[in-house]
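Structure record follows, encoded as structure tokens.
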Amino acid sequence: MITRARLLITRPLISRSFARATMSTQSNAHSVATNSDRTNLIPFSSRLKEGRALALDGYMNFSPPKWVTEAADEALKQVAPNHYSHPRGRIRLREAIKSFYGPQLHRDLDVESEILVTSGANEGQYSVFTAFLEQGDEVIMFEPFFDQYLPSVTFNGGKPVYVPLHPPSASIKKPTSNDWTIDIDELRYYSCFYFQQQILTWNSRRAVTPRTKMIIVNTPHNPVGKVFTKAELEAIAAIAEEFNLLVMSDEVYDCLVFDGKEHVRIATLPGMWDRTVTVGSAGKAFAATGWRIGWLIGPKSIIQPTLAASTRIVFCSNSPLQEAAASGLEQAKERKFFETQLKEYEERRKILTDAFDKLDLKYTHPEGSYFVLLDISRVDFPEDYPFPDSVLGRGRDFRACWFIANEIGVSSIPVSEFYCEEHANIGEAYARFAFCKDVDTLRKAAERFAKLKQYIK
């Protein structure tokens, strides 16, 4: 269990103290021959100081649908899918994306210029940053944010600008992800904020500046599970239009929207198609995250430069699994696959939230994605518990998650990891638990959670 916990609660990829120490050797690089310490001979790039790694708890533990894996098997038996694909992606998959997403976007998509298949959604996003960011360009992202955004932006010379999703008011007894709200005025003028005796203090500055190039919208949201409303997206769109911003709409959880909520695609709003790239994922759609097949949909003016970047980064994506993903999209409607899958995820979500209800712990009821944020502020662990140094050096949520993993046997992700360093204390009240697991695993987790009762104050 300790080994498992250490896999899930980690320090940054390169610890900040190690980064500072190693970077200081750069000025002494030529004198290394006389230095007896040869552990860090070659200084690493300064960009790694900004790129944090987060060990994922969101691993699925069930297989893709059989009819999709059979399509992968069939592709492997053919000649063409065992060789390079066109850097744009295999034409069968691009045609399947056109047929599946075109009606949702209200467009007759051009498979040659408006669709790009990528090696997972992450690579697609990275390629967009590579194609459009100049050194010092600013990228607005909402906190908490999917951890990959930060290194992908900074590795490409961008500067992240953080705007908060406000946590639910303490007076809300049964909060949902919709209770995490944005303030459009803060999006315009926000710079930074901090907690001081549980009171938010604001330092105002325009979030949008002459250097702002892009804004990232993630809906449904990881880790909150928020499904942005049409009104929220219209307000974001108005700012993007006013200041000529590129919008990256990360919609990889578009097939997991619960409780009758409407998933609105920002690219469908007036004037937004020309400045929006929509990100999708076969891994999330078909429980095949290891396949690393994703796609981008957008105007030629965004897709063509991104194609040039992606071609230099990976050249092309996995050919036989593109064929399998195409088969999945081709058959999904007839098989009512996404409707059935949604019901299965609703059952999984209920198992987890029922367990939290029995503990009388507050949580954010997710209306999208497959994560639940549990309020762990009432979890009372011994201060002298034998935490490793890597956990002691982080927020209270790291210690709580480590304690729960070791004593209760259920692992999670500390939510402060989804915030910038200055704002990490906002996330310390939460742990992220994933329900992208089979029912038996979730039921076992629910049984284990019963032991947490003794540690709740």
Side-chain angles (χ1 to χ4, degrees), residues 8 54-62 64 104 120-122 124-125 141-149 165 167-168 175-182 216-229 232-233 248-266 278-289 294-295 337-353 355-356 363-375 411-415 417-419 427 430-439 441-442 445:
L8 292 174
L54 178 66
L56 297 181
D57 173 53
Y59 290 138
M60 299 175 181
N61 72 338
F62 48 88
Q104 299 179 41
N122 278 339
Q125 293 170 355
M141 58 183 74
F142 294 101
E143 290 186 299
F145 53 82
F146 173 50
D147 65 297
Q148 284 289 80
Y149 298 154
L165 286 174
T176 73
S177 53
N178 193 50
D179 293 313
W180 288 71
T181 58
I182 59 173
I216 303 173
V217 178
N218 178 203
T219 180
H221 186 275
N222 173 15
V224 171
K226 178 180 176 66
V227 179
F228 280 68
T229 66
E232 289 171 329
L233 294 175
M248 177 184 287
S249 188
D250 182 351
E251 302 180 23
V252 299
Y253 298 101
D254 58 358
C255 58
L256 295 174
V257 178
F258 309 110
D259 308 327
K261 287 289 179 177
E262 179 188 10
H263 174 59
V264 178
R265 298 184 185 276
I266 194 169
T278 300
V279 183
S281 167
K284 299 298 191 300
F286 297 109
T289 54
W295 46 78
F337 170 70
F338 290 117
E339 295 87 343
T340 301
Q341 179 175 248
L342 186 65
K343 292 178 181 178
E344 293 170 347
Y345 270 98
E346 286 173 337
E347 178 186 8
R348 296 175 181 129
R349 180 183 62 166
K350 189 174 188 303
I351 293 171
L352 197 55
T353 57
F356 297 151
Y363 58 87
T364 296
H365 187 77
E367 296 173 333
S369 77
Y370 46 62
F371 305 108
V372 180
L373 296 191
L374 178 67
D375 187 332
S411 297
S412 61
I413 295 294
V415 173
E417 190 71 357
F418 297 91
Y419 285 83
Y430 302 97
R432 190 196 76 174
F433 291 87
F435 54 93
C436 54
K437 311 291 181 183
D438 61 52
V439 168
T441 298
L442 291 168

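All figures in this text were calculated on a predicted structure; none of them were measured in a lab.
For the pair Leu352/Phe433, a side-chain contact is recorded, criterion being any heavy-atom separation below 4.5 Å from C-beta on. With a 4.5 Å cut-off on side-chain heavy atoms, Val227 and Ser177 do not count as touching. Looking at Tyr430 and Pro167, their side chains come closer than 4.5 Å, going by heavy atoms from C-beta outward. Using a 4.5 Å heavy-atom cutoff, the side chains of Asn222 and Phe371 are in contact.
Annotation: the span from Gln341 atom CD to Glu344 atom CD amounts to 7.0 Å, rounded to 0.5 Å. Taking OG1 of Thr289 as the reference point, atom NZ of Lys284 lies at 6.5 Å (rounded to 0.5 Å). Taking CD from Gln104 and NE2 from His263, the interatomic distance works out to 7.5 Å, rounded to the nearest 0.5 Å. Here Asp179 contributes atom CG and His365 contributes atom NE2; the two are 11.0 Å apart, rounded to the nearest 0.5 Å. The line from CG of Asp259 to CG of Leu342 is 9.0 Å long, rounded to the nearest 0.5 Å. Note: Asn218 CG to Phe145 CZ = 11.5 Å, rounded to the nearest 0.5 Å.
Side-chain rings of Phe258 and Tyr345 stay apart, their centers remaining 6.0 Å or farther from each other. The aromatic ring centres of Phe286 and Phe338 sit less than 6.0 Å apart.
Closest approach of Phe228 and Thr219 over heavy atoms only: N-OG1, 3.0 Å. Taking all atoms of both residues into account, the shortest heavy-atom contact from Ala434 to Leu442 is O-CD2, 4.2 Å. What you find for Ala285 and Cys255 is that their closest heavy atoms are CA-SG, 3.8 Å. Listed here is the closest heavy atom pair of Glu251 and Ile266: OE2-N, 4.1 Å. Residue Tyr149 comes nearest to Gln125 through the heavy atom pair CE2-OE1, 3.6 Å, listed as atom of the first residue, atom of the second, then distance. Across all their heavy atoms, Val264 and Leu233 have their closest contact at O-CD1, 3.3 Å.
The closest donor-acceptor contact from the side chain of Asp250 to the backbone of Val279 lies at 3.5 Å or more, if one exists at all. Ser412 places no side-chain N or O within donor-acceptor distance of the main-chain N or O of Ala431, the cut-off being under 3.5 Å. Remark: the backbone N or O of Pro366 is paired with a side-chain donor or acceptor of Arg349 at under 3.5 angstrom. Of the possible donor and acceptor atoms, one in the side chain of His221 sits under 3.5 Å from a partner among the backbone N and O of Pro144.
Remark: Lys226 pairs with Glu232 by the side chain to side chain donor-acceptor pair (under 3.5 Å) rule, at least two apart or across chains. A search for salt bridge (charged side-chain N to carboxylate O under 4.0 Å, His left out) contacts involving Asp254 returns Arg265, not counting sequence neighbours. The salt bridge (charged side-chain N to carboxylate O under 4.0 Å, His left out) check on Arg348 picks up nothing, with sequence neighbours excluded.
The one candidate from Tyr363, Trp180, Phe418 that meets the side-chain contact (heavy atoms from CB on, under 4.5 Å) condition with Leu373 is Trp180.
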Working note: Phe356 + Val372, criterion side-chain contact (heavy atoms from CB on, under 4.5 Å); need CA distance, chi angles, decisive distance, verdict. CA-CA 10 Å; Phe356 297 151; Val372 180; 3.8 Å; yes
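Note: Tyr370 and Tyr253 have perpendicular aromatic rings, judged against thresholds of 30 and 60 degrees for the angle between ring planes.
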